[in-house]
Amino acid sequence: MIYVTIDGPAGSGKSSVSQNLAKKLGFEHLDTGALYRAAAFLWIHSKKDLKSEEFLKMMDNTSFNLTNNSALFVNGKRLGNEIRTPEVGKVVSKLAEVPQIREIITKKTREIADNKRIVVEGRDIGTVVLPNACVKIFLTASVNERACRRYEDYKSRGVDIQFEEVVKEIKFRDEMDSTRKVAPLKPAKNAIIFSTDGLTLEQVVSELYDLIVEKVKKC
Ligand code: CDP
């Protein structure tokens, strides 16, 4: 098994970078943000209290499966853009604060990653979920650049939203994610901190690929 972890704030480019790196390395890829988003989506539709036993039980019984080509299925259903909406973006950090929910998602993430060569992305993967990972990367970028990326992403999917609202979402999640008590967003002590400001996706992937290949040789 070889674990590569990629953590970082909202819109830092984690998903595109992780997907491309995994492909180039011949590894699988897991986006743990999608697990939190799926949980938030299920919660919105369940109309149950977030910390209720009923909802926690429902989460524990939810199955998350990764197919050979790294597609994620939740309770047998392929996840799509329904979890990448501003509505989910607004509540997901609130849900991610709840320790019992983090415990469930952490356990499920470890089960999926077990014995694989895999790139796992999130907020607390290098610090809490897979602390013995071979390579840990922490991606950063300015708020403006991250908001621009997220705005373009929303626009390309036809989501009707103002740029200012996207800036607000990013700042809100930065604050929530980095100040929460359990597993806050922060680089692991031995993480490589990498700023993606002003770099194209290809540049980021190419530089990180070289770094990872060197590190993996020593794992
Ligand atoms: O893609 P984006 O940067 O918007 O975020 P995401 O990776 O989809 O994650 C959505 C939210 O889930 C984050 O803002 C966190 O609140 C939460 N999350 C977390 O707490 N821990 C993780 N390992 C991954 C996501």
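More than 12 heavy atoms of other residues, nucleotides or ligands sit less than 6.0 Å from atom NZ of K24.
Other residues sharing a hydrophobic cluster with F172 under the 4.5 Å side-chain heavy-atom criterion for ILVMFWY residues are M176. V216 forms part of a hydrophobic cluster together with I2, V4, I6, V17, L21, L25, F27, V119, V135, I137, L139, I192, F194, L199, L201, V204, V205, L208, Y209, L211, I212, V213, judged by ILVMFWY side-chain heavy-atom separations under 4.5 Å.
Sorted by first and then second residue, the pairs that involve residues 95-151 and meet ring pair (Phe, Tyr, Trp, His ring centres under 6.0 Å), not counting sequence neighbours, are Y151-F163. Note on residues 124-135: pairs passing salt bridge (charged side-chain N to carboxylate O under 4.0 Å, His left out), not counting sequence neighbours, are R102-D124. Note on residues 183-219: pairs passing disulfide bond (SG atoms under 2.5 Å apart), not counting sequence neighbours, are C134-C219.
Salt bridge status for R173 with E169: present, with a side-chain N to carboxylate O gap under 4.0 Å.
The only member of Q19, E121, K23 that meets side-chain hydrogen bond (donor to acceptor under 3.5 Å, both in side chains) when paired with H29 is E121.
For T196 and R149, the side-chain atoms include at least one donor-acceptor pair closer than 3.5 Å. Judged by distance alone, the side chains of T67 and N69 do bring a donor and an acceptor atom under 3.5 Å apart.
Using a 4.5 Å heavy-atom threshold, the side chains of L72 and N65 count as separate. Residues D60 and K107 meet the side-chain proximity criterion, which asks for heavy atoms closer than 4.5 Å. Proximity of E165 to K90: side-chain heavy atoms (C-beta onward) are separated by under 4.5 Å at one or more points. Between V74 and K77, the closest side-chain pair of non-hydrogen atoms is not below 4.5 Å. With a 4.5 Å cut-off on side-chain heavy atoms, K136 and D7 do not count as touching.
Heavy atoms only, all atoms of each residue included: R84 and A34 are closest at NH2-CB, 3.7 Å. In plain terms, the two heavy atoms of P9 and R123 that are nearest each other are C-NH2, 4.1 Å.
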> Under the side-chain contact (heavy atoms from CB on, under 4.5 Å) criterion, do F55 and D49 qualify, and how do the steps go?
Replying inline: CA-CA 7 Å; F55 181 68; D49 186 56; over 6 Å; no
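Contacts of C148 classified as disulfide bond (SG atoms under 2.5 Å apart), with partners at least two apart in sequence or in another chain: none. By the side chain to side chain donor-acceptor pair (under 3.5 Å) test, K14 pairs with no residue at all, sequence neighbours left out. For E97, there are no side chain to side chain donor-acceptor pair (under 3.5 Å) partners, not counting sequence neighbours. Listed by chain and residue number, nothing satisfies the side chain to side chain donor-acceptor pair (under 3.5 Å) test with T140 (two or more places apart in sequence, or in another chain). Partners of F41 by ring pair (Phe, Tyr, Trp, His ring centres under 6.0 Å), not counting sequence neighbours, listed by chain and number: H45. For K155, the salt bridge (charged side-chain N to carboxylate O under 4.0 Å, His left out) test picks out no residue, with sequence neighbours left out. Residues satisfying the side chain to side chain donor-acceptor pair (under 3.5 Å) test with T109, not counting sequence neighbours, are none.
The CG atom of L42 lies 6.0 Å from the CE atom of M59; values are rounded to the nearest 0.5 Å.
Criterion: ILVMFWY side-chain heavy atoms under 4.5 Å apart, direct or through other members. Under it, M58 and L79 are part of a common hydrophobic cluster.
Remark: side-chain polar atoms of W43 are not paired, donor with acceptor, to backbone N or O of L95 under 3.5 angstrom.
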